[in-house]
Amino acid sequence: MSVEVLSFGCRLNAAESEAMRRQAEGAGRTGLLLVNTCAVTTEAGRQARKAIRAAARANPDARVVVTGCGAQVETDAYAAMPEVAEIVGNRRKLDPATWARSSSERVRIDDVMAPGADPLTDATPMPARTRAFLPVQNGCDHRCTFCVIPFGRGNSRSVPVPIVVGQVRALVAGGTREVVLTGVDLTAYGRDLGEVTLGALVRAILRGVPDLDRLRLSSIDSVEADPELVAAFAEEARLMPHLHLSLQAGDDLILKRMKRRHGRNDAIRFCAEIRALRPDAVFGADLIAGFPTETEAQFARSLDLVAECDLAQLHVFPYSPRPGTPAARMPQVAPAAIKERAARLREAGAAAFARRLDREIGETRRVLAERGGTGRTEGFLPVRLPEGVEAGALIALRIAGHDGQVLRAE
């Protein structure tokens with residue numbers, strides 16, 4: 001065993017986990033089990049601790065080092081685990097010195113809100129592969145009432161445009177065909193850099209790296225999408241027509257109690273605007289079931305939003321209270337009702353996904369082939385490839401059918 005990584009949560013975590021692995025391996029570390037935790041829900045923390053115990057039983061000689069948002073905001077819970085040798089906070093986890101050697105200090109947690117918080121590192125890109133996730137933003141300046149992530153990540157900060165363009169150029173030179181820009185609050189990109197926006201970054205990448213085949217965005221806050229970003233969807237064919245939206249709910253009062261920055265009509269209007277510019281656009285969304293005070297009628301508006309925004313891919317989160325958040329002090333929905341509503345949302349999401357796959361039949365899509373005989377369309381829909389298509393190929397294929405989960409191409 002050299003360096004093994006368990007990564008939980010978002011794509012940003014996945015990219016950071018890869019960077020930490022490379023730093024530790026480059027320093028010659030061996031026998032290290034690096035656990036990058038998530039704190040987006042209480043269940044995420046429970047799953048991480050369960051995985052740590054199982055991994056430690058399977059690898060009793062491994063040195064377990066826990067980092068990530070869970071380690072930052074639930075330090076005591078991880079410190080109470082005898083399996084854990086070190087706990088590293090988010091401000092230190094991308095510092096190569098952290099992984100150069102074992103530390104005698106078991107808990108190394110810094111205040112992510114303190115002045116002078118570390119900027120994003122000039123992170124080395126992930127190893128050359130068909131698709132690479134590239135962190136360009138970290139932290140969040142908002143305070144949604146259900147969320148602890150700002151207290152795990154700190155305030156919003158961005159990687160300067162020239163550095164990002166250089167990283168993308170290096171990825172493409174190494175064989176990467178698609179780059180996915182990631183961040184905690186991606187549409188906040190550039191606010192700390194002056195007159196810079198996410199749209200400006202997208203334009204700079206596509207202009208500065210003409211050999212990049214595809215550029216994709218991870219989750220965004222639609223109400224914060226700047227005009228240049230919206231225009232880029234109409235004018236830049238290499239910007240993929242797939243957006244995962246942080247919607248969370250479909251009722252205006254619940255959105256207000258969440259302290260979100262958009263209303264129901266804002267979400268519907270944004271999806272219609274993008275679809276008018278790119279008729280092949282595919283939308284996914286995060287939705288929370290059973291937020292405190294949510295009535296059945298208010299939940300029904302979230303269900304209706306699936307059709308009104310034509311959402312094809314849902315990430316459904318049953319609400320769970322996070323200690324210290326305003327939402328945890330609000331009147332709670334009964335656990336059985338939360339579970340039942342989450343199941344109904346997932347059912348609606350599965351039906352919407354199947355309808356989207358139906359609409360693809362007969363279309364010709366450019367599919368980026370991945371390992372294992374599958375690939376992704378421009379809209380990030382999964383495709384089972386014909387025999388003989390090699391990973392990394394970007395090929396036009398006719399969609400012949402699907403099995404409810406994956407498209408079939410010929």
Side-chain angles (χ1 to χ4, degrees), residues 1-114 116-124 126-127 135 138-139 148-154 157 184 322-324:
M1 177 183 175
S2 179
V3 177
E4 183 179 346
V5 174
L6 295 178
S7 189
F8 296 87
C10 61
R11 289 173 175 173
L12 179 58
N13 255 17
E16 291 175 341
S17 293
E18 190 62 40
M20 287 185 282
R21 182 208 300 272
R22 288 195 306 276
Q23 289 172 356
E25 289 180 342
R29 295 292 296 273
T30 59
L32 187 67
L33 175 59
L34 195 161
V35 185
N36 198 7
T37 59
C38 175
V40 70
T41 64
T42 52
E43 178 64 15
R46 189 192 69 80
Q47 290 179 356
R49 289 187 286 274
K50 180 180 178 181
I52 289 169
R53 287 188 287 267
R57 285 194 300 270
N59 302 282
D61 295 329
R63 183 173 180 83
V64 178
V65 182
V66 176
T67 187
C69 293
Q72 187 73 39
V73 302
E74 298 178 308
T75 308
D76 291 346
Y78 291 98
M81 299 181 68
E83 298 89 350
V84 175
E86 293 180 51
I87 300 174
V88 175
N90 272 341
R91 285 185 64 179
R92 299 192 186 206
K93 70 179 184 181
L94 293 177
D95 181 355
T98 297
W99 309 109
R101 65 187 66 85
S102 295
S103 173
S104 59
E105 187 180 5
R106 185 170 183 246
V107 178
R108 291 178 284 167
I109 299 289
D110 300 303
D111 181 3
V112 292
M113 296 297 180
D118 297 339
L120 285 179
T121 105
D122 182 4
T124 51
M126 296 176 71
N138 199 353
V148 298
I149 298 306
F151 306 101
R153 291 277 184 174
R157 53 208 189 275
V184 173
R322 298 293 303 174

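Hydrogens, waters and symmetry mates play no part in the numbers below; they use all other heavy atoms, side chains included. Only a predicted model underlies this, so the values are computations on that prediction, with no experimental measurement involved.
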For this session: Kindly compute the distance separating CG (N90) from CG (N13), expressed to the nearest 0.5 Å.
Result: 7.5 Å
Exercise. Do you know which two heavy atoms are closest between A39 and V73, and how far apart they sit?
Worked result: CB-CG2, 3.6 Å
Exercise. How long is the span from the CD atom in Q72 to the CG atom in D110, to the nearest 0.5 Å?
Worked result: 7.5 Å
For this session: State the SG-CZ distance between C69 and F8, to the nearest 0.5 angstrom.
Result: 13.5 Å
Seminar exercise, completed: Separation between OG1 (T67) and CE (M20), nearest 0.5 Å, reads 5.0 Å
Exercise. Any ion pair linking E25 and R22 (charged N to carboxylate O, less than 4.0 Å)?
Worked result: no
Seminar exercise, completed: Between N36 and S17, the two heavy atoms sitting closest are ND2-OG, 2.9 Å
For this session: Let me see the working for Y78 and I52 under side chain to side chain contact (heavy atoms under 4.5 Å, CB included), right down to the final yes or no.
Result: CA-CA 10 Å; Y78 291 98; I52 289 169; 3.9 Å; yes
Problem set entry | Any donor-acceptor N or O pair under 3.5 Å, side chains R29, S102 | yes
Seminar exercise, completed: Distance col, row R63:CZ vs L32:CG, nearest 0.5 angstrom, shows 8.5 Å
Seminar exercise, completed: Taking every heavy atom of L33 against every heavy atom of A55, the minimum-distance pair comes out as CD2-CB, 3.5 Å
Problem set entry | Heavy-atom check, side chain of L12 versus side chain of R153, under 4.5 Å | yes
Exercise. For the atom pair NZ (K93) and CD (Q23), what is the distance rounded to the nearest 0.5 Å?
Worked result: 11.0 Å
For this session: Report the residues that fulfil side chain to side chain donor-acceptor pair (under 3.5 Å) with R322, sequence neighbours left out, ordered by chain and then residue number.
Result: E74
Exercise. Are L34 and R21 close enough that some pair of their side-chain heavy atoms sits under 4.5 Å apart?
Worked result: no
For this session: Only counting residues at least two apart or in another chain, list the ones meeting salt bridge (charged side-chain N to carboxylate O under 4.0 Å, His left out) with R53.
Result: none
For this session: Might you point out which heavy atoms bring P150 and M113 nearest each other, and give the distance in Å?
Result: O-CE, 2.9 Å
Problem set entry | Least distance between heavy atoms, I109 atom then V88 atom | CD1-C, 4.0 Å
Problem set entry | Audit row: T98, R108, side chain to side chain contact (heavy atoms under 4.5 Å, CB included) steps and yes/no | CA-CA 10 Å; T98 297; R108 291 178 284 167; 4.1 Å; yes
Exercise. Got a sec, which residues hit salt bridge (charged side-chain N to carboxylate O under 4.0 Å, His left out) with E83, two or more places apart in sequence or on another chain?
Worked result: none
Exercise. Has R106 got more than 12 heavy atoms of other residues, nucleotides or ligands less than 6.0 Å from its CZ?
Worked result: yes
